[in-house]
Amino acid sequence: MSSQASSVALVRFDAVAPLRARVSEWKAAGERVVLVPTMGALHRGHLSLVNRGRELGQRVIVSIFVNPTQFGPSEDFSRYPRDTETDLALLAGAGVDAAYLPSVETMYPKDFSTSLTVAGITDGLCGAYRPGHFAGVATVVTKLVNQVQPDIALFGEKDFQQLQVIRRAVRDLDIPVEIGGVPTLREEDGLALSSRNRYLDAEERRIAPIIHRELTRIAEGLRTGKAASPLVAASTDRLTEAGFSTIQYLSVCDADTLAPVEHATGPTRILVAAYLGSTRLIDNVAV
Ligand code: PAF
């Protein structure tokens, strides 16, 4: 952590021009600028991205924008948790230099007509169940990066498909930013930290960590040379027995392309999305 960064108070920006001017000053002074895009409802997982940002650069900017275009019509956009004052207090305490809170009009001016489709890698997993979601994510992240012009943008590995989609878009379009992934932060019982965990009631919260236990179990099986399909079938049964109502996918994939694989011969990721009551949980582990 640089002493210079920690002595600077959090500055809030709502508009692009003053934020860009500040970023230009920082860059002119030779400082590396890190952007952490978020939708707010911040928790320790987000703060671990901030901490990583402070290791990688001298200035950290956190954006907070609940992006309407990445929510489907039946998803939780309107009830997505929003608590800006608490978020800003957390960011100030974490030594963040700037918070960027654009309005919907700034992000999507009247007659906004552009959407970024990243083909192939968005077809399966969450993409199969959330049509348009990754186009919404890719579009808003491209906008945020263009607006802020950071050297580095950081994303949690918890949303692993999102991270790989963003990496692909940035590579394909030569967007001048380095993308970094930050490992998932977990509760002591293994549950991945998520803004949506607050939707779980006490009984669901007790069951939720089983999802990580099953991912770990499949990873161990793959490491001993077992095939994916029977491991996945057994874990799916156990998740259902434990109380998960719908398991949208539980898949063993090539970590780069996210294509399904039967054996972990190269970099491999196991990804899951499942409903517990009305809460959709996602998680993933590396093999
Ligand atoms: O992961 C999130 O919080 C969002 O998908 C992101 C990357 C901030 C884009 O809205």
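Counting begins at 1 with the first residue of the sequence. Whatever order the structure lists ligands and atoms in, that order sets their numbers, starting from 1.
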**OP:** Please check if F13 and V148 belong to a single hydrophobic cluster, counting links between Ile, Leu, Val, Met, Phe, Trp and Tyr side chain heavy atoms closer than 4.5 Å.
**Re:**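 Hydrophobic grouping puts F13 with V148.
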Original post:
Any link between I247 and I207 through a network of hydrophobic side chains (Ile, Leu, Val, Met, Phe, Trp, Tyr) touching at under 4.5 Å?
Top reply: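 They do share one cluster, since a chain of ILVMFWY contacts under 4.5 Å joins I247 to I207.
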Subject >> L193: hydrophobic cluster co-members (side-chain, 4.5 Å) >> reply: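 L193 shares its hydrophobic cluster with L185.
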Original post:
Taking atom types as modelled and ignoring hydrogens, do the side chains of S103 and T106 form a donor-acceptor contact shorter than 3.5 angstrom?
Top reply: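 There is such a pair (donor and acceptor under 3.5 Å, judged by atom type) between the side chains of S103 and T106.
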**OP:** Mind telling me whether Y108 and F65 have parallel, tilted or perpendicular rings, with 30° and 60° as the class edges?
**Re:**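 Judged by the thresholds at 30° and 60°, the geometry between F65 and Y108 is tilted.
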Original post:
Between E220 and R223, is the closest basic N to carboxylate O distance under 4.0 Å?
Top reply: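 Here R223 does not pair with E220 in a salt bridge, since their nearest N and O are not under 4.0 Å apart.
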Could you list, one pair per line, each nitrogen or oxygen of ligand 1 together with any protein nitrogen or oxygen closer than 3.5 Å, giving atom names and the distance rounded to 0.1 Å?
residue	atom	partner	partner atom	Å
ligand 1	1 (O)	Q162	NE2	2.8
ligand 1	5 (O)	Q70	NE2	2.9
ligand 1	5 (O)	Q162	OE1	2.7
ligand 1	10 (O)	Q70	OE1	2.6

